[in-house]
Amino acid sequence: MGRSNMLYLISDIHGNLLEFKQILKKIEFDGEKDNLIIMGDILDRGPDGIALLRYVKPYILDNSMELLLGNHELFAVMYLNGVLGEKNTDRVLDERTWTAFGGGDTLKSIKNMTAFEKKNLLSFLEHLPIYSEISSRYLGNVIVTHTGIDCNNYVMNADGTINVKSSIKKAFENNIYSYMVGMDLHQVPKKDKERFDQFIIVGHVPCFRLNKDMSNKFYRTDYYMDIDAGAGHMEQGGTLGCYCVTTDEEIYL
């Protein structure tokens, strides 16, 4: 008998196409029976963000992979919409700032595109979802998203618990930029985390910044998990990690 169909999560690949291919090989990803949710930040920092998008697009079209919006995809949307350098909610993001955030290679690739290619890229990125819902035998009903939750945008259920999905939607609609670049989830008081009505899995913040031993191992709590193993910071020892929802296994390069 062959193995079961697997559901995997990976976040913050950050332009590392070679490493992404290596981890797909390591998990023996089979697009005909496995599924993978990429939790945002496929672009920037590494050299091959646009090439990565092109590589995963056929998998997305056949529904074996799903790509969620990350803040670095949002930066590309802002640029393609012509709002870089203009006031965008409460922050200004110009080309220099985006480059400082690791977007130099992405910016160069986009500038070399035709108008038609830019239009197609914008349409693709603007339609990326901000979360996905999954079921885990280990974690229950789970919200998978890039950033997490914003303390200023809680939506409460009738029983006093915090509606995670509605809170994410509210934060996104109220201030897309602040929500996507924020890291409130890691600063939420314990009494609030205890009221989450769903477990949350995120990326966005490299785990070495969260773990006391500064390791790249996924950061787990009773209420959420961060699986950004630091591929966007390989010069600091980061790596690419993948979480198997089906088996609760952590896989690293």
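The model shown is predicted, which means the values in this text are computed figures rather than measured ones.
Using cut-offs of 30° and 60° for the angle between ring planes, the Phe20 and Tyr55 rings count as perpendicular.
Annotation: side chain to side chain contact (heavy atoms under 4.5 Å, CB included) contacts of Asp62 (sequence neighbours excluded): Tyr59, Ser64. Checked against salt bridge (Lys or Arg N to Asp or Glu O under 4.0 Å), Lys170 has no partners two or more places apart in sequence or in another chain. With sequence neighbours left out, Lys26 forms a side chain to side chain contact (heavy atoms under 4.5 Å, CB included) with Ile251. Judged as a side-chain hydrogen bond (donor to acceptor under 3.5 Å, both in side chains), and not counting sequence neighbours, the contacts of Asp159 are Thr161. Qualifying side-chain hydrogen bond (donor to acceptor under 3.5 Å, both in side chains) partners for Glu19, counting only residues two or more places apart in sequence or in other chains: none. Every residue meeting the side-chain hydrogen bond (donor to acceptor under 3.5 Å, both in side chains) condition with Tyr224, not counting sequence neighbours, appears here in chain and number order: His186. Take Asn71 and apply the side-chain hydrogen bond (donor to acceptor under 3.5 Å, both in side chains) test, not counting sequence neighbours, and it matches His146, His204. Applying the side chain to side chain contact (heavy atoms under 4.5 Å, CB included) criterion to Lys212, with sequence neighbours excluded, gives no partner residue.
If you chain together ILVMFWY residues whose side-chain heavy atoms come under 4.5 Å of each other, Met234 ends up in a group of its own. Clustering of Ile, Leu, Val, Met, Phe, Trp and Tyr side chains at separations under 4.5 Å leaves Phe116 isolated, with no partner residue. Counting side-chain heavy-atom gaps under 4.5 Å among Ile, Leu, Val, Met, Phe, Trp and Tyr, Phe208 is found in no cluster with other residues. Apart from Leu9 itself, the hydrophobic cluster it occupies contains Leu7, Ile37, Met39, Leu68, Ile134, Tyr138, Leu139, Val142, Val144, Phe199, Ile201, Phe218, Met225, Ile227, Tyr243, Val245, Tyr252, where clustering links Ile, Leu, Val, Met, Phe, Trp and Tyr at side-chain heavy-atom distances under 4.5 Å.
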